[in-house]
Amino acid sequence: MRRLLVLLAVFLSLSHSVKSQQTKRLNQGWEFLKGDLGGVWEAMRPVKEGSSESVPIWSKVSLPHCFNAQDAVDPDLNYYQGPGWYRTNLTIENSYKNGRILLHFEGAGQKTAVYVYNTKVGEHVGGYDEFTVDITDAVAAFKKEKVFNEQFKGQVPIAIRTDNSRDLEMIPSSLSDFNVYGGIYRYLNLVYTPPVSVDKVFALAEVDAQGKKGTLNISGRFYNPTQVGTVNAMVTVKDPFGKIIYTLKSEVTSFQSKNDLAKININKPKLWSPDAPNLYTVELSVATNGETHTNIEKVGFRHFEFIRKGPFHLNGKRLLLRGTHRHEDHADVAAAMTEDMIRTEMLMMKDMGVNFIRLGHYQQSRIVLNLCDSLGIMVWEEIPWCRGGLGGEVYKDQARRMLTNMIEQHYNHPSVIIWGLGNENDWPGDFTTFDEEAIRTFMKELNTLSHQLDPTRNTAIRRCDFCKDIVDVYSPSIWAGWYRGIYTEYKEVSKKEFDSVDRFLHVEWGGDSHAGRHSETPDDALSKIKKAESADERAGDASLFGGSARVSKDGDWSESYVCNLIDWHLKEQETMPWLSGSAYWPFKDFSTPVRPDNPVPYMNQKGVIERDFTKKEAFYVFQSYWTDKLMAHIYGHSWPTRWGDVGEAKMLKVYSNAEEAELFFNGQSMGVKKRNSQDFPASGLRWMVNYKEGVNQIKVIAKKGKETVVDELTQNYQTAKWGKPAKLILEKIADADGEITIQVKVLDANNVLCLDAKEYVNFNLTGDGKLLDNRGTSSGSKKVQFYNGRATISLKTNGGKSVASAKADGISTVFLNL
């Protein structure tokens, strides 16, 4: 069944929300210039090789493209915030008589201006909502110019200026804990339409809590710039199996902002849920002079409710929301994730057991929402009013506009249950004054606007206590065991916060982990922490300096600690019948300008996977609680060497959803353990063993009914004690297909591996090769803290010779010929 759902998700993501039969993604043939021009003419004027007009130099790129793909995580730079230009020449031929030619942007950051030759044809402010620019008239005018054929050989030159410069009168604030990226970092489409086309379909699918009576209200907005008087519209509705269940033809003579088209009653509709994400198809076609344009949308029938002073219900039954978060951010491309990358990420979430996601902190790609629909993942999506305070009317207008666009553009998605109005709006810093009452007034306005645009979904904010009474659902800030207190306080603090609001949902919890770093005593830092007196972590927040003791500052940032923290939270959530759900922050590590001192500089490392999809150990903790398909994972696949005394008993943990598991250590059975989710840690699947010096073999056989699953790993054991780091060893550990991986180890004066070293190491390369760095991962950064006495990085040889080096403060640099 799960395989069927995955295949269905892939198919539906390709077919969802088709805007035109004549749409082309403009991926290839682009040139890019980082920086500004004196004007658009500098992108268009004829250039001879070697002439003064040949500079500045443009580079060839493909879309989507983010011009912060590398510098966002370069440890030696502040990431670039400023303008960047794109240009291409397009062959444009619209087969529709008197039709329209549109450029449809799925997202570009953060201010965009569009030119046909030297004519500005449109502009947009906002990095995350979709927008369309009609270039019809400008193309027609340009085709009459001599340069159309003489200089551009029958093609139409397009130039696009994007700009992510810091601007206090824009959202999101640059104080936010994520990069405000620049570039055309989502897909750009060339669209041909007839004179009248479907702009938007609004399909409201509702059903009662018992799932017996469904209604589908369909309205449409048409694009009719030449004011054609009459068109024919046709509505077609298909059930989840593709059977036509409704058709209606009508004549449209009045073009309102929304034209009501059909109201359909459906008895006992196939309901949408995480386990059965049934989707109906709504097609709206508009025809004029024999030319037709069709918009296809997917909708789902579901009834959801956040019970007042209670849990969450879906289709009349309690459902615990098991959630996470995502930023649009990935190694090597930053925000410019391809459709394949996005699909991989969302399928990994589903495989982890996620049924809910908060999209932080901005409207995300339509591809994400399509996949949430088809995979059965419920969504909280929000506008980027994030930190900084409240600006003036320009600032407010952008927030209003982006809220309107987000709701209208994602209105039909059954996955969406919450519209988010803001995040951490109690955070001052961008303006000379911080007025709580002004923020409350504007929050009320946005709340009213959201309900006017869509009365069927809830509104929510996270962490702004003085506004928590305004929205439908509130999430306070509870970071038990990270920014405040200890993780065993989680249930107590959550219940106190739950009692203070009508509808409670806990989004954002967890902790940072440096991938590949493990600890024999991960909870030691908790002994320094005082019991939290409040849920507010602002006294310390993300700072690694000053303030009271907190794990985020004083802990070891090991995967071992975060697995314990997650394990405790998940076991507690099973005993909180009043809890609507929670969302772990985040699913994947992401880049941020406000964390230069982290083990991987400029990275928020709270993800359960790394920025390149590499799973951390925490992924399997979630799987053990949230999934049904049998799995078992011995903790420590990225922990090559454990340490301790001779004969010292060590804990081995297995994360599994099995009924029972048997551990074999160096070929000997350590006994069978029964799983009990309330037996912390690892739900009772833990064994005390005595490692031998050197290599140890570990195997687990887990069972559920008649099913079994096996996991194995090899670990070394070191009993030698180490002193202060004194020397480095640089070695090649892999070499295949022109790519080499090198590893640096840190040793003390007696050549003992320093397994708890936390110093930074800097990699460099001279010669023909190229470091695969600035990836924002523990094995893809030229500056990185050691993890258990080592660090790795890869390089492309480019068919030549190079010299690699590794340097750490106070230790002699080492070199390696490659």
Side-chain angles (χ1 to χ4, degrees), residues 26-45 47 49-90 103 105-115 117-118 120 123-128 157-167 170 172 174 178-188 327-338 590-593 596 601-603 611 770-776 780-782:
L26 300 176
N27 295 348
Q28 305 302 323
W30 290 88
E31 292 184 309
F32 169 70
L33 177 68
K34 182 179 177 180
D36 211 353
L37 297 174
V40 68
W41 174 240
E42 289 191 294
M44 298 296 173
R45 63 191 176 193
V47 175
E49 186 176 358
S51 69
S52 57
E53 290 85 1
S54 65
V55 292
I57 302 298
W58 296 67
S59 57
K60 296 183 184 301
V61 299
S62 60
L63 301 186
H65 177 265
C66 177
F67 53 67
N68 303 115
Q70 296 294 316
D71 67 8
V73 289
D74 189 322
D76 302 320
L77 299 173
N78 293 316
Y79 82 108
Y80 176 74
Q81 290 182 273
W85 283 82
Y86 297 85
R87 69 182 181 187
T88 193
N89 297 329
L90 300 178
L103 289 178
F105 291 78
E106 296 182 21
Q110 297 285 313
K111 300 175 183 176
T112 306
V114 183
Y115 299 83
Y117 193 46
N118 61 350
K120 181 186 281 191
E123 55 188 353
H124 181 78
V125 176
Y128 312 104
I158 304 292
I160 300 169
R161 182 184 188 270
T162 64
D163 187 357
N164 69 334
S165 297
R166 299 173 78 93
D167 185 342
M170 281 188 67
S174 290
F178 58 92
N179 293 88
V180 183
Y181 283 131
I184 307 175
Y185 47 62
R186 295 187 194 154
Y187 289 106
L188 171 59
H327 272 290
E328 292 196 335
D329 185 63
H330 193 73
D332 297 324
V333 299
M337 293 183 69
T338 64
F590 63 92
S591 65
T592 168
Y602 295 113
M603 285 298 300
R611 199 174 181 236
K770 183 183 185 305
L771 278 179
L772 300 178
D773 61 351
N774 294 337
R775 306 195 75 228
S781 179
K782 61 189 173 187

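Side chains are part of it too, since the values below use all heavy atoms of this structure and drop only hydrogens, waters and symmetry mates.
Going from atom CG of N118 over to atom CZ of R45 covers 13.0 Å, rounded to the nearest 0.5 Å. The CH2 atom of W41 sits 9.5 Å away from atom CD of E53, with the distance rounded to the nearest 0.5 Å. In this structure, CD in Q28 is found 10.0 Å from OG1 in T88, a value given to the nearest 0.5 Å. Taken to the nearest 0.5 Å, the CG atom of L188 stands 9.0 Å off from the CD1 atom of I158. Separation of atoms CD (E123) and CG (D163) is listed at 12.0 Å; rounding is to 0.5 Å.
Across all their heavy atoms, R611 and H330 have their closest contact at O-ND1, 2.9 Å. Here the shortest heavy-atom pairing between G82 and S165 reads CA-OG, 3.2 Å. Smallest separation of non-hydrogen atoms from P593 and Y79: CB-CE2, 3.6 Å. Among all heavy-atom pairs drawn from L26 and L63, the shortest one is O-CD1, 3.4 Å. In this structure, A334 and A69 approach most closely via the heavy-atom pair CB-CA, 3.7 Å. Residues V73 and S591 come closest through the heavy atom pair CG1-CB, 3.6 Å.
Under the 4.5 Å side-chain criterion, counting only non-hydrogen atoms from C-beta, K782 is in contact with D76.
Between the side chain of N164 and the main chain of V180, a donor-acceptor pair closer than 3.5 Å is present. Between the side chain of R186 and the backbone N or O of E106 there is at least one donor-acceptor pair closer than 3.5 Å. T162 contributes no side-chain N or O that, together with a main-chain N or O of I184, makes up a donor-acceptor pair within less than 3.5 Å. Judged purely by atom type and a 3.5 angstrom limit, N68 uses its side chain to pair as donor or acceptor with the backbone of Y80. Under a 3.5 Å cut-off, the side chain of Y86 and the backbone N or O of V61 do not form any donor-acceptor pair.
The aromatic rings of F32 and H65 are tilted relative to each other, their planes meeting at an angle between 30° and 60°. Using the six-membered ring where Trp is involved, H327 and F590 have ring planes that are tilted, between 30° and 60° apart.
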What's the verdict on side chain to side chain contact (heavy atoms under 4.5 Å, CB included) for K111 and D167, showing C-alpha distance, side-chain angles and the deciding distance? CA-CA 10 Å; K111 300 175 183 176; D167 185 342; 2.8 Å; yes

Would S781 and M603 satisfy side chain to side chain contact (heavy atoms under 4.5 Å, CB included), going step by step from the backbone distance to the final call? CA-CA 10 Å; S781 179; M603 285 298 300; over 6 Å; no

Side chain to side chain contact (heavy atoms under 4.5 Å, CB included) for V40 and Y117? Distances and angles first, verdict last. CA-CA 8 Å; V40 68; Y117 193 46; over 6 Å; no

Quick one, D71 with K34, criterion side chain to side chain contact (heavy atoms under 4.5 Å, CB included). Give me CA distance, side-chain angles, the key distance, then yes/no. CA-CA 12 Å; D71 67 8; K34 182 179 177 180; 3.6 Å; yes

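Looking at R161 and D36, a side-chain N of the basic residue comes within less than 4.0 Å of a carboxylate O on the acidic one, giving a salt bridge.
D329 and Y181 share a donor-acceptor pair across their side chains, judged by distance under 3.5 Å alone.
Only one option out of Y115, W30, W58 pairs with W85 in a ring-ring contact (aromatic ring centres under 6.0 Å, His included); it is Y115.
No more than 12 heavy atoms of other residues, nucleotides or ligands sit less than 6.0 Å from atom CG of N78.
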